[in-house]
Protein chains: 2
Amino acid sequence: MNKTRTSIVDIAHAAGVSKSTVSLVLQGSPLVNEKTREKVNALIGDLGYVYNRGAANLRQSRSKIIGIVVNDLTNSFFAELAVGMDMMVQSAGYVQFLAHSGESVDRQREVISSMRENGIAGLILSPARGTEASDIKPLADSGIPVVLVVRNVPGAKVSTLLSDNYAGAKAAIRHLISLGHRRIAFMGGFADTAVFGERLRGYRDALAEANIPINEKFVIHSAPSRAGGVAAVERMMDFAERPTSALCLNDAVAFGVCDGLRSNNIEPGKGFGIVGFDDVIEAKTAVPALTTVSVDPQGMGQRAAQLVLKQINAGQTDPESIVTSVRLVVRQSCGAPVKQLEELA
Amino acid sequence: MNKTRTSIVDIAHAAGVSKSTVSLVLQGSPLVNEKTREKVNALIGDLGYVYNRGAANLRQSRSKIIGIVVNDLTNSFFAELAVGMDMMVQSAGYVQFLAHSGESVDRQREVISSMRENGIAGLILSPARGTEASDIKPLADSGIPVVLVVRNVPGAKVSTLLSDNYAGAKAAIRHLISLGHRRIAFMGGFADTAVFGERLRGYRDALAEANIPINEKFVIHSAPSRAGGVAAVERMMDFAERPTSALCLNDAVAFGVCDGLRSNNIEPGKGFGIVGFDDVIEAKTAVPALTTVSVDPQGMGQRAAQLVLKQINAGQTDPESIVTSVRLVVRQSCGAPVKQLEELA
DNA sequence: CTGTTAGCGCTTTCAT
DNA sequence: ATGAAAGCGCTAACAG
């Protein structure tokens with residue numbers, strides 16, 4: 001209703017004190033007389049005063065706003081990630097600008113610069129595909145902490161949270177072993193990406209750890225796609241001694257493996273154990289029964305938020321630190337998870 | 001790096017002009033000499049100046065920030081909603097505080113008040129269950145436009161966007177009719193909620209419109225749940241003349257109907273046409289093949305954003321207006337949509 | 001076309 | 001324990 005919001009001087013005037021005193025009350029300073037404090041607080045309620053954080057920010061030249069840019073909020077993985085961040089940010093008394101880049105680097109650039117103008121104290125970025133170091137350089141250089149999540153940006157000297165592919169693969173294989181499997185394949189992908197290498201290494205080490213000799217034929221290379229999954233199964237069908245289960249490079253491959261098995265009259269989950277890395281590529285399509293390995297997105301979000309907050313409070317970003325190793329969990333999606341080996345058809 | 005960001009006076013000084021002139025350049029005023037403008041713009045680039053929108057907001061006592069609070073970002077419906085809002089908000093040159101209340105009214109209250117202190121120009125709220133008019137009253141009273149989406153808050157005198165249940169049901173029935181169906185059931189729910197009434201009315205009117213006599217037995221009441229869907233099918237199996245398709249009260253019922261059909265050896269989508277209202281209750285579980293009627297969440301988000309923006313620009317909220325009727329679309333989820341009647345088994 | 005001046009609402013020495 | 005005064009970075013009259 002009011003043309004101008006009631007301000008600190010309004011209530012100072014009404015209380016017959018100076019605005020400095022009111023400011024002290026607002027900050028909960030112990031220096032102020034109990035009576036004055038009460039009077040002031042009463043007036044604050046009566047006049048419907050609301051603190052103007054923008055003015056305070058200007059004066060102190062710092063803010064309690066953190067920026068979050070997510071490449072695809074539509075993908076439930078990233079939505080969960082955002083929720084995790086939200087939790088930490090709020091409980092630290094901050095607010096967040098949260099924007100969706102839709103995998104557009106242009107959009108992302110605009111949004112980041114807009115957030116910068118609005119005075120964010122830190123930024124968490126789940127980068128759009130194709131993001132370059134130069135996209136975040138100005139921000140980082142100006143002393144605003146930046147934390148990258150989920151995806152790496154080559155050349156960017158900022159803290160980054162990535163999932164631990166090695167540990168994830170290891171966990172998956174241990175899971176299969178614990179269910180009685182010994183002939184376990186690794187399906188999908190080619191040795192041309194870091195991700196493939198890390199996951200395969202986890203596969204090898206977990207098998208070695210269990211004294212299971214590695215059958216090199218069981219590492220079945222194929223396109224890291226649904227079609228690739230089908231192809232891998234076709235390859236496998238020719239083996240004299242077939243695997244009883246597989247770790248798939250990602251969920252797309254896992255879906256393809258399901259397809260391939262079905263067309264060979266094997267029921268996935270029942271006739272063959274599958275664990276897929278959950279990269280949530282196809283999260284929007286129907287999810288078949290599957291056991292997946294994935295990072296806990298909310299947990300990752302929380303950690304990311306904690307990290308920016310820490311850097312903000314530290315007053316300076318230590319741009320060299322590259323953080324990794326997010327805990328991975330084995331979880332079941334709906335339907336048929338991998339069964340004990342004995343129960344398989 | 002710099003202790004203090006370079007400001008308008010720094011570049012004014014460097015350019016040998018006054019800060020007012022720089023300000024004018026920043027605002028793209030035509031009053032300023034071409035040469036000066038160029039010089040200033042050059043300096044802006046060189047000195048790495050970034051506009052301090054907070055200061056401007058303070059001076060003008062208005063902001064280009066809008067607040068969005070969503071009850072559950074984890075639910076893909078609301079995530080899409082948020083994305084739709086994001087689109088409009090950004091392209092209008094605004095930024096958004098976006099927070100997740102997790103269905104907690106307390107959390108929601110905190111978040112709203114925090115946003116208020118941070119000077120939002122408007123608020124879009126997808127209210128947590130149990131939200132009361134008093135939760136938004138102070139904001140609205142202070143002249144900040146508030147728009148409610150998806151859920152109503154009784155007693156709140158603010159603009160509200162709800163889905164049009166009547167039109168949705170009508171669209172669904174027309175769709176089934178266009179596929180050749182004439183014996184169409186309405187499954188799930190009891191006549192105790194407004195939603196049920198509206199959807200049933202749409203069902204009736206669409207049938208009437210096509211001169212299809214209504215068979216009251218085809219309105220099969222049951223719990224509005226998955227179990228209720230199963231029950232409805234069981235009931236239907238006893239009919240001498242069975243329906244060939246159904247509109248289900250919501251997706252939960254629709255899933256149950258699928259279950260029920262399968263246990264009677266009827267393949268849903270192939271042997272029986274199903275359209276469900278997509279309330280996205282089970283969006284996080286596997287989605288069976290289904291044709292659904294739902295509001296387009298992104299579209300709804302966009303409309304909500306347009307509405308707040310309009311009210312912000314109008315300079316005053318017209319608190320009486322209650323907007324409804326969001327367009328509903330018939331869409332197919334993955335798998336088997338409803339077939340032409342002739343193709344049914 | 002450009003400079004001067006006066007704040008926006010708050011915090012923060014520095015006095016008192 | 002409280003007040004006076006200066007100033008954060010910007011805009012908006014109003015002069016010139």
Side-chain angles (χ1 to χ4, degrees), chain A residues 2-41 43-44 47-65 114 116-121 142-143, chain B residues 2-41 43-44 47-65 114 116-121 142-143:
Chain A
N2 302 322
K3 194 83 251 145
T4 167
R5 303 182 357 180
T6 92
S7 87
I8 205 181
V9 318
D10 295 324
I11 87 111
H13 189 81
V17 296
S18 82
K19 55 179 183 156
S20 325
T21 308
V22 178
S23 180
L24 288 180
V25 173
L26 255 26
Q27 306 173 55
S29 163
L31 304 164
V32 54
N33 186 326
E34 195 47 47
K35 307 275 291 248
T36 343
R37 176 196 314 289
E38 280 169 16
K39 189 166 20 158
V40 166
N41 279 327
L43 265 327
I44 284 182
L47 305 191
Y49 166 74
V50 351
Y51 184 72
N52 184 332
R53 211 162 285 275
N57 289 344
L58 176 57
R59 175 60 227 247
Q60 306 179 128
S61 51
R62 61 192 166 79
S63 82
K64 287 211 161 209
I65 305 176
S114 162
R116 188 141 98 109
E117 291 185 350
N118 279 281
I120 53 176
S142 75
Chain B
N2 301 323
K3 194 80 253 145
T4 168
R5 302 182 358 179
T6 92
S7 88
I8 206 182
V9 317
D10 296 323
I11 88 113
H13 188 80
V17 298
S18 85
K19 55 179 184 156
S20 327
T21 307
V22 178
S23 182
L24 289 180
V25 173
L26 255 27
Q27 305 174 55
S29 164
L31 304 165
V32 54
N33 185 326
E34 194 49 46
K35 307 275 293 248
T36 345
R37 177 197 311 290
E38 281 170 14
K39 191 167 19 161
V40 166
N41 278 327
L43 265 328
I44 283 181
L47 305 192
Y49 167 74
V50 349
Y51 185 72
N52 185 332
R53 211 163 285 275
N57 289 343
L58 177 57
R59 176 58 228 252
Q60 305 179 130
S61 53
R62 61 194 166 78
S63 82
K64 288 212 157 207
I65 304 177
S114 162
R116 187 141 99 107
E117 291 186 350
N118 280 282
I120 54 176
S142 74

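Since the structure is predicted, the reported quantities are computational estimates derived from the model, not experimental observations. Numbers restart at 1 for each chain; the letters A, B, ... are given by sequence-line order, proteins then strands.
Comparing the start and finish of the helix from C:dC1-D:dG16 to C:dT16-D:dA1, five pairs each, the helix axis swings through 40°, to the nearest 10 degrees.
Using a 4.0 Å cut-off on heavy atoms, none of the residues of residues 10-18 of chain A approach DNA chain C. DNA chain D is contacted by B:Tyr51, B:Asn52, B:Ala55, B:Ala56, B:Arg59, B:Gln60 of residues 51-62 of chain B, taking any non-hydrogen atom closer than 4.0 Å. Residues of residues 21-38 of chain B that place a heavy atom closer than 4.0 Å to DNA chain D, in numerical order, are B:Ser23, B:Gln27.
We find the CD-NZ distance between A:Glu117 and B:Lys64 to be 11.5 Å, quoted to the nearest 0.5 Å. Taking CD1 of B:Ile8 as the start and OG of B:Ser20 as the end, the distance is 7.5 Å to the nearest 0.5 Å. Interatomic distance, A:Ser114 OG to B:Arg53 CZ, rounded to the nearest 0.5 Å: 6.5 Å.
Two residues are said to be in side-chain contact when any heavy atoms from C-beta on lie closer than 4.5 Å; B:Thr21 and B:Asn33 fail this criterion. Between A:Thr36 and A:Val17 there is a side-chain heavy-atom pair separated by less than 4.5 Å. Counting heavy atoms from C-beta on, the side chains of A:Leu26 and A:Tyr49 come closer than 4.5 Å.
Taking every nucleotide of DNA chain D with any atom under 4.0 Å from a non-hydrogen atom of chain B, the first and last of them, 5' to 3', are D:dG9 to D:dA12.
For A:Arg5 and C:dC8, the CZ to P distance is 14 Å, given to the nearest whole Å.
Not counting sequence neighbours, the partners of A:Ser23 by the side chain to side chain donor-acceptor pair (under 3.5 Å) test are A:Gln27.
Looking only at distances, no side-chain donor or acceptor of B:Arg37 sits under 3.5 Å from a matching main-chain atom of B:Leu24.
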Give the intermediate values and the outcome of side-chain contact (heavy atoms from CB on, under 4.5 Å) for residues A:Leu58 and B:Asn52.
CA-CA 9 Å; A:Leu58 176 57; B:Asn52 185 332; 4.1 Å; yes

Checking A:Asn118 against B:Ile65 for the side-chain contact (heavy atoms from CB on, under 4.5 Å) test, could you report, in this order, the C-alpha distance in whole Å, the side-chain angles of both residues, the deciding distance, and whether it holds?
CA-CA 9 Å; A:Asn118 279 281; B:Ile65 304 177; 4.1 Å; yes

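Residue A:Val9 comes nearest to A:Lys19 through the heavy atom pair CG1-CD, 3.8 Å, listed as atom of the first residue, atom of the second, then distance. The two residues A:Leu47 and A:Ala14 come nearest to each other via the heavy atoms CD1-CB, 4.2 Å. Between B:Arg5 and A:Gly119, the closest heavy-atom pair is NH1-CA, 4.3 Å. Shortest non-hydrogen contact noted between A:Ser63 and A:Ala121 is O-CB, 3.5 Å.
The side chain to side chain contact (heavy atoms under 4.5 Å, CB included) test with B:Val25 is passed by exactly one of B:Asn41, B:Leu31, B:Leu43, B:Ile11: B:Asn41.
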